[in-house]
Amino acid sequence: MKIKILYRYILIVLSLISLNYIEVFSQNITISGFVEDSQTGERLINANIYNSNTSKGTVSNTYGFFSLSFPVGNINLTVSYVGYEAFQKEMTPAKDTMIIFALKPAFEIEEVIVFGSKAERILKSSQMSLVTLPAKNIKTLPVLLGETDALKTMQLFPGIQSGTEGSSALYVRGGGPDQNLILIDGVPVYNPNHLFGFVSMFNTDVIKDISIIKGGFPARYGGRLSSVVDIRLKEGNTREMKGNGSVGLISTKLMMEGPLVKDKISFLFSGRRSYIDVLKKPVEKFDNAVPDYFFHDLMGKISYKLSGKSNISLNYYSNRDKGKEDEEVKADTDDDYSYKRKETSDYGWNTDILALHGNYIVSKNLFLHGGISYQKYKAFSNNNQVEIKTDLVTDSVEITKYFEGYRTSIKDVTAGIDFDFIPSSNHAIKFGMNYILHGYDPDVNAFTVYSQDSIIIGNTGINRQQISARETGLYIEDDFSIGDVIKSNIGLRFSGFFVDDQWYLSLEPRISARVLVSPKWSMKVAYSKMSQHVHLLSSARIGLTTDLWVPTTSRIKPQTSEQYAIGIVIALNEAVNVSLEGYYKLMNNLLAYKEGASYMNENNWENLVEEGKGRSFGVELLVEKTKGKTTGWLGYTLSRSERQFENISFGKVFPFRYDRTHDISLVIIHRFSGKTDAALTWVYGTGNAVTFWTEKFFGIDYFEHRNNIRMPSYHRLDLSLNRHKKKKWGEQTWSFGIYNTYNRINPFYLKYEYDPIRPRIIKVGLFPILPSVTYSLKF
Amino acid sequence: MTRKTVIILIILLFTFSCVKDVPFEIPEAKTELALFAENYPEDSLEVIISLAQTMGHYPYYNINEPVKISLFEDNNLLQEKYAKMYGHKYIDTAFYGITNFDNEMLKEGNRYQIKVSNPGYDDIEAETIKPVSVKIKSLTWKHIEGKMPEWYFDVYGSYEAQNPMGPTTEYTHMIEFSITFDDPPVNNFYQCGIHIFYDIYEAKIGYASFGWPDPPYNIVSYITPPPDYSTRAGHANEIVFDDKDFNGEEKTIKLVVPVKEIIAFPYDYIIKLYSLSEDHYKYIVSEWLYNRSKDDPFAEPVDFYSNVNNETGIFAIASCDFDTIIVNEK
């Protein structure tokens, strides 16, 4: 039955793809090439190339490549990109031509609205549930402690939520943070956070383009259920040496880029380091409460334009978070003994990525990209306790050491090849495959007890499960138009995962379609099936370093989801667009710890987990103004996200911890002049659902079901002011920010407090009003 | 114009946003009656009434008027009793009252309802079934001795202080019992216990299962001492399991009892196979999980099962079949 359905699906796809193919065989001229920045040589993603004589256009791909075909004759070509001056040229090419369009940045002028306005692009694209964000907006918005953050900016769009206060983890349409495919230059990363999630690891100075897809996933993406966050980093300036840097409250960063061989080879280097540990040094003698903590990230990239047709780049990315806390407690001495306890804990996580990418224009309408990468991710958390008991009579000493450790380690070797085939102006076909060799090593709960003379008296729960797995994906998709009204992207992805001598295979159809009802509004629908072979095991308690990444195994099935979405996009005018989307998502084989699960009693994680299902649905509204001195957006999400596990709360359906009925974001950015801009963000969200007892009887704490209590709602106002000043050597910027301007104590967690009159529940907040100042310079 | 609009908007937002911190609103809840009535055939049906503390209230209120407890069989009133609430705290949470019903009137296969009323509180109700007991088909034993496997040292009875047959050492003896029964082709829930007569008292003894069922909700393996108030009945020190893996089939379970040495004189071992209702089974499992993890700050929360309509407590009646076997050196 499934084979029949698949057969029909393939038949429909082939029929649709074959439509309008007559153009391929007719007498056509093709113009292909790249679109780039005239000053830096950076290739521009999603630039518009439009022939007004035929009313046909295309957009450049991730590597700036485009290919546009049209009948022989005169053409009027416009190349445009948001924030750049449009390039317009009339010509009559006699044969296939390759051109590099170099666009000039449009400083201090209104964005040029041709085909390429954001509103129009969203209106005409078949892709729905897509959020794109210009890097300059990320730098303008107010942020926690002055650390600009791409992921936190993403949280201000509907359907994308933050988890807890200050966290940059993304919860997209009711999914978990492990369900986001976060790509740095096409390489998936596992933990994109610094500082327990308060800062993301992406240095905004090196980001060229960032987009997030929440639904209607194209077939080229796979391996996660809820979103695709595609972050493209700069290649490096091929024309001149440039740099920028900043000094903030918690970190300093520097970025340098320039040509090694002009217009041929460029380099880009960036680094960032926090200095909580350095600032702590002078006061640690008096107060040891602040942990010895630091993070840093390094990024290096060398890009080589081999010829007009090919490029290669070598990337290295590294980040580190490391913390250490020491606590020494001298307990009371009784008549016979004295007791002393020392506790040391250290924790951290790091990611190292080495990647080699290359692309090549095979022919006027065939573009090839290939890449190979190695990634190592490691997180650990160790707790050491030493208890010294001294017999005051005999002076004998008994030492007990206690150790508890969590470690999760992943090593991935990835290889992939992708093709862009543009046979006509009505079709853009992408196909390719990728292969990942995974090595997982979740190591849980090692604790050992020693006693006098270092004799081991207990050694429990050491568990090292090294699991290797192979993951592969094959895909084909066609983004095609039927006339001017209908545009669709139909694709199919085949994914396979080999682990414990068995294959998990899945076929994932992806369909999205747009109907241009009028020049001002379009309707979109999408369906996508996704599978995910890696799970993040998170405890209900707080503690990022104890999260474990675990793979699908012979006992643990892959997560799967199906998502349906429908929406409309209305371009009210050249500057304002409105989109309204509804979605319904079903998730299966979600993983959660069983009730009462603890590594104190069991050391095999597979025995502690349980599979269940989830459902989320909602409506998202986005009103966006992208042009003029005042820009910004208003986002509103009405949603629900639920979970159900057979043996958690006796099979009852319960709300997802981050289920948020209402979520509102208001962002206003105003540029007063070329020298000053200011921004305001206000967020409101229904409180998180937490598990808290509601009744006590016979010594039992009772709650109705998991996540039974709603914390108070969350709201916060942040402000920022940026003052730019041109200097001989470049530009300096002073950024002033206020986080949580009206000092709302938003609850981080709830705790029970004994009171002789009446039991009280206390909400504990994390961040009060926090001003920040950052100095940055561009040279 | 635009600048003015922005400034006005900022001022407005500021003004309306500057609300004072909203205190956490505790969900509205009043003190409620709580019921604990777990019955095994060895004992009368003991009904304990208490009060449940809610988030906003302590349960330190005495109920002056006795609490009325009505027991129904298939919705027909069997008996009514009154429990006087004692003027001190029970399990450090609330006042309590106890009354007992004769268990002779509780018939296997029948449904029973209980209703607790007091003018100051909402009535609470619960319903359960007394399951039909499953007969032990055969019972055998054998003696094992030698170096014990690792799991053995987690066995409750391997500790001298808690085992009248102890102490045991690494090289020790065990008695293995094989209990066979036919599982009826409906969902069944079981509890199994091994008792001996120790002097003149019937007492439970520690034992372990051979890694079955998995997971074994085997309280014995986890060294959970039985509560003081239960030495011969109750579910402490017993193995509890369902028939998911052998529904409608013949089943043999093997249980081992650690002993100091093989006994030189005959001992009467009473093997008890209890049949539980589903409510009862869920309650025991959640209690086991709860007790195991309540002092562990790293453990996931446990949802405690209740079949009382206000979800505060349990009403459950078990049935039992037993067989006695004499173990001696030969």
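To find a chain, count down the sequence lines: A is the first, B the second, and so on, and within it residues start at 1. This structure is a prediction, so every number in the text was calculated from the model and none was measured.
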Participant: Among residues at least two apart in sequence or on other chains, which ones pass ring-ring contact (aromatic ring centres under 6.0 Å, His included) with B:Phe189?
Facilitator: B:Tyr281
Participant: Is it the backbone or the side chain of A:Phe692 that comes under 4.5 Å from a heavy atom of chain B, or both, or neither?
Facilitator: side chain
Participant: Does the ring center of B:Phe241 lie less than 6.0 Å from the ring center of B:Tyr190?
Facilitator: yes
Participant: Examine whether an atom of B:Leu35 lies under 4.5 Å from a heavy atom of chain A, and if so say whether it belongs to the side chain, the backbone or both; otherwise answer neither.
Facilitator: backbone
Participant: Is chain B contacted by the side chain of A:Tyr702, its backbone, both, or neither, given a heavy-atom distance below 4.5 Å?
Facilitator: side chain
Participant: Could you tell me which portion of A:Asp701 (side chain, backbone, both or neither) has an atom closer than 4.5 angstrom to a non-hydrogen atom of chain B?
Facilitator: both
Participant: Any salt bridge linking B:Glu311 with A:Lys652? Criterion: basic side-chain nitrogen under 4.0 Å from a carboxylate oxygen.
Facilitator: yes
Participant: Do B:Phe315 and B:Phe36 have their ring centres less than 6.0 Å from each other?
Facilitator: no
